[in-house]
Amino acid sequence: MKRLEGRTALVTGAARGIGLEIALAFAAEGAAVAVADLSQEDCAAAAADIAAKTGARTAGIALNVTSEADCERAVAETEKAFGKLDILVNNAGITKDGLVLRMKEADFDSVIAVNLKGSFLMAKAASRPMLKARAGRIINISSVVGQTGQAGQANYSASKAGLIGLTKSLAREFAPRQVLVNAVAPGFIRTRMTDGLKDEAKAKISEMIPLGRMGEPGEVAKAALFLAGDDSAYITGQVLAVNGGLYM
Ligand SMILES: NC(=O)c1ccc[n+]([C@@H]2O[C@H](COP(=O)([O-])OP(=O)(O)OC[C@H]3O[C@@H](n4cnc5c(N)ncnc54)[C@H](O)[C@@H]3O)[C@@H](O)[C@H]2O)c1
């Protein structure tokens, strides 16, 4: 029996990178998956690709997670396509790096808006059907820099630390209805977000990581899969680090 047979999931930022790997892993384990991202074209292409690879039911849903109306529509469209919503993964995220003295107010606001407020809006929209069903999983993709801080990423690390606080508050609020809320905190993972780093910087980062290398998106997806399935039934309000030992 596949681990997510009969479940339905909505993954934000799922057109590429870590989100795409999570959507693919869930579909491979039998879930019907809504692939939500900014561009309808990219969502449709990713949804078709996942369906072809896994045979799972998929849907592409364009949304901007900073819009409450978009978040509510995405949840409604997922319910319409698959009949219910069991699992939400808040994965959509952006960076606008810079040292604080040079960081523009707009760059602080936009990173908080997507990474933190967007996760709140999606959790709020998804919680309605989950609380009613007295079952559900919400998985927030935080980051190691939300735990350690990072020079040049005041906005991003604040958003990811905020996501940990949001995770714990949602976990406490929703626990009486058996809706479990956890976070995954990836370290340095090889995606477009880290592609921009120079080879020298990548080598330096790998030296700092006890396991001696950057992580793969599929390795983050496996942690999300664990938190989405029955094996994590007694786990809520936790932060699962997938960072090669970078932060312990
Ligand atoms: N790559 C890493 O090393 C790393 C480490 C820790 C945490 N993370 C987190 O993992 C998540 C995925 O990162 P990634 O490396 O795959 O990044 P990525 O840039 O490859 O993918 C992010 C996706 O989010 C989408 N997105 C951005 N803004 C959006 C919005 N307003 N509404 C809807 N979708 C939006 C993008 O279109 C993109 O498809 C992010 O939350 C990121 O902060 C990444």
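Atoms within each ligand, like the ligands themselves, are counted from 1 in listed order.
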Whether K160 lies under 4.0 Å from ligand 1, heavy atom: yes

Residue, atom name and distance, where the atom is the protein heavy atom closest to atom 3 (O) of ligand 1: I189 N, 2.8 Å

L63, T12, N91: member with heavy atom nearest to atom 33 (C) of ligand 1: L63

Under 4.0 Å to a heavy atom of G17 - the qualifying atoms of ligand 1, by number: 16 (O)

Side chains of T66 and N64, donor plus acceptor under 3.5 Å: yes

Pair E219 + R213, salt bridge at N-O below 4.0 Å: yes

Contact check, side chains of K84 and E79, non-hydrogen atoms, under 4.5 Å: no

Nearest-option assignment for atom 18 (P) of ligand 1, heavy atoms, candidates M122, R192, R16, R190: R16

Residue pair Q238 / S232, side-chain heavy-atom distance below 4.5 Å: no

Residue portion contacting ligand 1 (non-hydrogen atoms closer than 4.0 Å) for T191: side chain

Side-chain heavy atoms of S127 within contact of R177, under 4.5 Å: no

Heavy-atom side-chain proximity of N91 to I18 below 4.5 angstrom: yes

Distance filter under 4.0 Å to F188 heavy atoms, resulting ligand 1 atoms: 3 (O)

Exam field: side chain S159 to backbone N115, donor-acceptor pair closer than 3.5 Å: no

Atom 32 (N) of ligand 1: the protein heavy-atom neighbour that sits closest, reported with distance to 0.1 Å: V65 N, 3.1 Å

Backbone of I164 reached by a side-chain donor or acceptor of S142 within 3.5 Å: no

Residue pairs, two or more places apart or on separate chains, that pass salt bridge (charged side-chain N to carboxylate O under 4.0 Å, His left out) and touch residues 63-75: E68-K124, D70-R73, E72-R128, R73-E77

G215 heavy atom under 4.0 Å from ligand 1: no

Protein contact of atom 24 (O) of ligand 1 - nearest heavy atom, named by residue and atom, plus distance: G13 CA, 3.4 Å

Shortest protein contact, atom 44 (C) of ligand 1 (heavy atom only): I18 CD1, 3.7 Å

Protein contact to atom 38 (C) of ligand 1 [nearest heavy atom, distance to 0.1 Å]: D37 OD2, 3.6 Å

Salt bridge (charged side-chain N to carboxylate O under 4.0 Å, His left out): pairs with one or both residues in residues 222-246, sequence neighbours excluded: R7-D230

Mode of N64 contact toward ligand 1 - side chain, backbone, both, neither (heavy atoms, under 4.0 Å): both

Nearest-contact summary for atom 8 (N) of ligand 1 - protein heavy atom, Å: Y156 OH, 3.5 Å

Side-chain touch V239/V184, heavy atoms, less than 4.5 angstrom: no

Side-chain donor/acceptor of N182 to backbone N/O of T167, under 3.5 Å: no

Polar contact flag for S143 and ligand 1 (N/O pairs, less than 3.5 Å): no

Nearest-contact summary for atom 28 (N) of ligand 1 - protein heavy atom, Å: I94 CG2, 3.6 Å

Any G187 heavy atom less than 4.0 Å to ligand 1: yes

Per-residue contact class, A185 against ligand 1 - non-hydrogen pairs under 4.0 Å: neither

Top protein contact for atom 22 (C) of ligand 1, by heavy-atom distance: G93 O, 3.8 Å

